[in-house]
Amino acid sequence: MVGHLVGMLHVAVLLANPLREIPSIELAGGVNALGMSSRRHTQSAQVVLDHEAVGSYRRKLDELRAEAGRLDALGDQGRAAAVQPEIDWLLRELATASGLSGRVRNFTDNPERARVAVGKAVRRAISRVELIAPAIGTHLRESVHTGLHCVYQPA
(Lines give C-alpha, C1' and ligand atoms only; values in the text may rest on other atoms or scores of the structure.)
Protein backbone atom coordinates (compact mmCIF):
# COMPACT_ATOMS: atom_id res chain seq x y z
CA MET A 1 0.00 0.00 0.00
CA VAL A 2 1.32 3.45 -0.94
CA GLY A 3 -0.55 5.44 1.67
CA HIS A 4 -1.68 9.04 1.54
CA LEU A 5 0.75 11.41 -0.16
CA VAL A 6 0.01 14.84 -1.56
CA GLY A 7 1.69 13.75 -4.80
CA MET A 8 -0.73 10.83 -5.12
CA LEU A 9 -3.62 13.29 -5.25
CA HIS A 10 -1.82 15.19 -8.00
CA VAL A 11 -1.20 11.95 -9.92
CA ALA A 12 -4.85 10.90 -9.47
CA VAL A 13 -6.09 14.23 -10.87
CA LEU A 14 -3.74 13.91 -13.85
CA LEU A 15 -4.78 10.30 -14.51
CA ALA A 16 -8.45 11.34 -14.40
CA ASN A 17 -7.72 14.02 -17.04
CA PRO A 18 -5.47 12.39 -19.64
CA LEU A 19 -3.86 14.73 -22.19
CA ARG A 20 -5.21 17.81 -20.36
CA GLU A 21 -2.57 20.29 -19.22
CA ILE A 22 -3.33 21.38 -15.68
CA PRO A 23 -1.47 24.35 -14.18
CA SER A 24 0.76 23.33 -11.26
CA ILE A 25 -0.69 26.15 -9.21
CA GLU A 26 -4.15 24.56 -9.50
CA LEU A 27 -2.79 21.16 -8.45
CA ALA A 28 -0.98 22.77 -5.53
CA GLY A 29 -4.21 24.50 -4.48
CA GLY A 30 -5.94 21.16 -4.02
CA VAL A 31 -9.15 19.78 -5.44
CA ASN A 32 -11.10 22.96 -4.70
CA ALA A 33 -8.68 25.04 -6.81
CA LEU A 34 -9.01 22.87 -9.92
CA GLY A 35 -10.59 24.73 -12.79
CA MET A 36 -10.10 28.14 -11.21
CA SER A 37 -8.72 30.74 -13.54
CA SER A 38 -4.94 30.62 -13.44
CA ARG A 39 -5.00 34.32 -14.37
CA ARG A 40 -5.44 35.00 -10.65
CA HIS A 41 -1.99 33.53 -10.09
CA THR A 42 0.10 36.04 -11.96
CA GLN A 43 3.83 36.40 -11.64
CA SER A 44 5.11 38.71 -8.95
CA ALA A 45 6.67 41.84 -10.38
CA GLN A 46 7.88 42.98 -6.98
CA VAL A 47 11.64 43.25 -6.90
CA VAL A 48 13.78 42.25 -3.93
CA LEU A 49 15.39 45.73 -3.90
CA ASP A 50 14.31 48.52 -6.24
CA HIS A 51 16.87 50.50 -8.25
CA GLU A 52 16.80 53.40 -5.79
CA ALA A 53 17.55 51.09 -2.85
CA VAL A 54 20.36 49.37 -4.77
CA GLY A 55 21.90 52.76 -5.56
CA SER A 56 21.59 53.83 -1.93
CA TYR A 57 23.20 50.59 -0.72
CA ARG A 58 26.07 51.00 -3.20
CA ARG A 59 26.68 54.62 -2.14
CA LYS A 60 26.69 53.58 1.53
CA LEU A 61 29.07 50.72 0.70
CA ASP A 62 31.45 53.15 -1.04
CA GLU A 63 31.30 55.49 1.98
CA LEU A 64 32.02 52.65 4.42
CA ARG A 65 34.90 51.33 2.33
CA ALA A 66 36.40 54.83 2.14
CA GLU A 67 35.97 55.24 5.90
CA ALA A 68 37.59 51.85 6.58
CA GLY A 69 40.46 52.74 4.26
CA ARG A 70 40.95 56.12 5.94
CA LEU A 71 40.92 54.56 9.42
CA ASP A 72 43.30 51.83 8.30
CA ALA A 73 45.69 54.46 6.85
CA LEU A 74 45.59 56.28 10.19
CA GLY A 75 46.57 53.05 11.90
CA ASP A 76 43.24 52.63 13.67
CA GLN A 77 42.61 48.98 12.77
CA GLY A 78 40.14 48.56 15.64
CA ARG A 79 37.70 51.16 14.31
CA ALA A 80 38.35 50.03 10.72
CA ALA A 81 37.44 46.47 11.73
CA ALA A 82 34.29 47.75 13.44
CA VAL A 83 33.03 49.02 10.06
CA GLN A 84 33.53 45.63 8.37
CA PRO A 85 30.31 43.90 9.60
CA GLU A 86 28.18 46.62 7.98
CA ILE A 87 30.19 46.33 4.75
CA ASP A 88 29.68 42.55 4.79
CA TRP A 89 25.94 42.96 5.44
CA LEU A 90 25.54 45.39 2.52
CA LEU A 91 27.48 43.05 0.22
CA ARG A 92 25.21 40.12 1.20
CA GLU A 93 22.07 42.22 0.63
CA LEU A 94 23.27 43.36 -2.79
CA ALA A 95 24.22 39.80 -3.75
CA THR A 96 20.81 38.51 -2.65
CA ALA A 97 18.98 41.21 -4.60
CA SER A 98 21.04 40.80 -7.78
CA GLY A 99 20.58 38.19 -10.45
CA LEU A 100 22.81 37.57 -13.44
CA SER A 101 24.92 40.54 -14.55
CA GLY A 102 23.89 42.48 -11.44
CA ARG A 103 20.28 42.90 -12.60
CA VAL A 104 17.64 43.31 -9.91
CA ARG A 105 16.00 40.00 -9.00
CA ASN A 106 12.22 39.51 -8.54
CA PHE A 107 10.74 37.63 -5.60
CA THR A 108 9.98 34.02 -6.43
CA ASP A 109 6.47 33.95 -7.82
CA ASN A 110 3.63 31.65 -6.83
CA PRO A 111 3.49 29.68 -10.11
CA GLU A 112 7.20 28.93 -9.78
CA ARG A 113 6.79 27.78 -6.19
CA ALA A 114 3.88 25.58 -7.22
CA ARG A 115 5.92 24.10 -10.10
CA VAL A 116 8.69 23.09 -7.72
CA ALA A 117 6.37 21.78 -4.98
CA VAL A 118 4.13 19.79 -7.34
CA GLY A 119 7.10 18.33 -9.22
CA LYS A 120 8.73 17.11 -6.01
CA ALA A 121 5.47 15.70 -4.65
CA VAL A 122 4.67 13.84 -7.89
CA ARG A 123 8.19 12.39 -8.16
CA ARG A 124 8.05 11.26 -4.52
CA ALA A 125 4.66 9.59 -5.06
CA ILE A 126 5.78 7.84 -8.24
CA SER A 127 8.89 6.56 -6.46
CA ARG A 128 6.66 5.02 -3.77
CA VAL A 129 4.48 3.39 -6.45
CA GLU A 130 7.61 1.97 -8.14
CA LEU A 131 8.59 0.23 -4.89
CA ILE A 132 5.26 -1.60 -4.73
CA ALA A 133 4.37 -1.97 -8.42
CA PRO A 134 7.45 -1.42 -10.61
CA ALA A 135 5.60 -1.69 -13.94
CA ILE A 136 2.98 0.88 -12.94
CA GLY A 137 5.66 3.15 -11.48
CA THR A 138 7.67 2.99 -14.71
CA HIS A 139 4.55 3.78 -16.74
CA LEU A 140 3.78 6.79 -14.53
CA ARG A 141 7.37 8.04 -14.66
CA GLU A 142 7.26 7.93 -18.47
CA SER A 143 3.73 9.35 -18.83
CA VAL A 144 3.35 12.02 -16.13
CA HIS A 145 5.11 15.28 -16.96
CA THR A 146 5.42 18.16 -14.54
CA GLY A 147 6.30 21.81 -14.96
CA LEU A 148 4.29 25.03 -14.87
CA HIS A 149 1.61 22.82 -16.46
CA CYS A 150 1.35 19.11 -15.68
CA VAL A 151 -0.05 16.43 -17.94
CA TYR A 152 -0.60 12.69 -18.12
CA GLN A 153 0.29 11.52 -21.62
CA PRO A 154 -0.04 7.75 -21.86
CA ALA A 155 1.98 6.11 -24.64
Side-chain angles (χ1 to χ4, degrees), residues 1-65 68 81 83-155:
M1 181 166 160
V2 174
H4 175 70
L5 296 170
V6 172
M8 287 304 295
L9 175 61
H10 301 329
V11 170
V13 169
L14 293 170
L15 292 174
N17 296 280
L19 304 176
R20 179 176 161 232
E21 289 190 0
I22 300 174
S24 293
I25 199 153
E26 288 185 16
L27 287 171
V31 175
N32 294 332
L34 292 173
M36 292 177 70
S37 172
S38 57
R39 278 179 249 134
R40 284 186 18 190
H41 310 291
T42 58
Q43 182 171 3
S44 170
Q46 184 177 5
V47 293
V48 176
L49 285 177
D50 63 21
H51 294 291
E52 186 177 326
V54 169
S56 177
Y57 277 22
R58 287 185 178 148
R59 284 188 297 280
K60 182 66 173 173
L61 185 59
D62 290 342
E63 290 171 16
L64 289 169
R65 284 179 170 162
V83 174
Q84 194 59 47
E86 191 171 0
I87 290 172
D88 293 342
W89 181 84
L90 284 167
L91 287 171
R92 280 192 307 274
E93 288 298 304
L94 287 168
T96 300
S98 301
L100 296 173
S101 305
R103 285 177 272 160
V104 177
R105 182 190 321 249
N106 288 346
F107 281 112
T108 303
D109 59 342
N110 288 335
E112 177 63 13
R113 287 180 188 204
R115 179 192 69 80
V116 171
V118 168
K120 285 181 180 179
V122 166
R123 285 188 297 278
R124 196 169 27 250
I126 291 173
S127 293
R128 292 281 288 281
V129 170
E130 281 179 322
L131 293 173
I132 296 167
I136 295 171
T138 299
H139 170 74
L140 290 174
R141 190 156 309 278
E142 293 170 356
S143 304
V144 173
H145 306 283
T146 61
L148 286 175
H149 289 84
C150 301
V151 65
Y152 169 60
Q153 293 178 316

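Source: prediction; values computed, not measured. Residue numbers run from 1 in the order of the sequence given.
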| request: Kindly give the heavy-atom pair with the smallest separation between V129 and M8, and that separation in Å. | output: CG2-SD, 3.9 Å

| message | I need the R59 CZ to L90 CG distance, nearest 0.5 Å. | response | 12.0 Å

| task | Hey, could you give me the CD1/CG distance between I126 and L5, rounded to the nearest 0.5 Å? | result | 11.5 Å

| request: To the nearest 0.5 Å, tell me how far L9 CG sits from L14 CG. | output: 9.5 Å

| remark: Residues A155 and S143: closest non-hydrogen pair is N-OG, 4.2 Å

| query | Can you tell me how far CG of D62 sits from NZ of K60, rounded to the nearest 0.5 angstrom? | reply | 11.5 Å

| message | With heavy-atom distances below 4.5 Å as the criterion, would you say the side chains of L140 and L15 are in contact? | response | yes

| note | Correct closest heavy-atom pair for I22 and L27 would be CG2-CG, 3.9 Å

| message | For G119, is there any backbone N or O sitting under 3.5 Å from a side-chain donor or acceptor partner on R123? | response | yes

| query | Below 4.5 Å, heavy atoms only, C-beta onward: do I132 and R128 meet side chain to side chain? | reply | no

| note | Between the CG atom in L61 and the CD atom in E86, the distance rounded to the nearest 0.5 Å is 9.5 Å

| said: Quick check: closest heavy atoms across R141 and S127, and the distance to 0.1 Å? | reply: NH2-OG, 3.1 Å

| For the residue pair C150 and V118, what are the closest heavy atoms and their distance? | SG-CG1, 3.9 Å

| task | Give the minimum heavy-atom separation between H10 and A121, together with the two atoms involved. | result | CD2-CB, 3.9 Å

| message | Is there a side chain to side chain contact (heavy atoms under 4.5 Å, CB included) between Q153 and L19? Walk through the geometry before answering. | response | CA-CA 5 Å; Q153 293 178 316; L19 304 176; 4.0 Å; yes

| field | Sequence neighbours excluded, every pair satisfying ring-ring contact (aromatic ring centres under 6.0 Å, His included) that has a member inside residues 121-145 | value | H139-Y152

| said: To the closest 0.5 Å, what do you measure between CD (Q84) and CZ (R65)? | reply: 8.5 Å

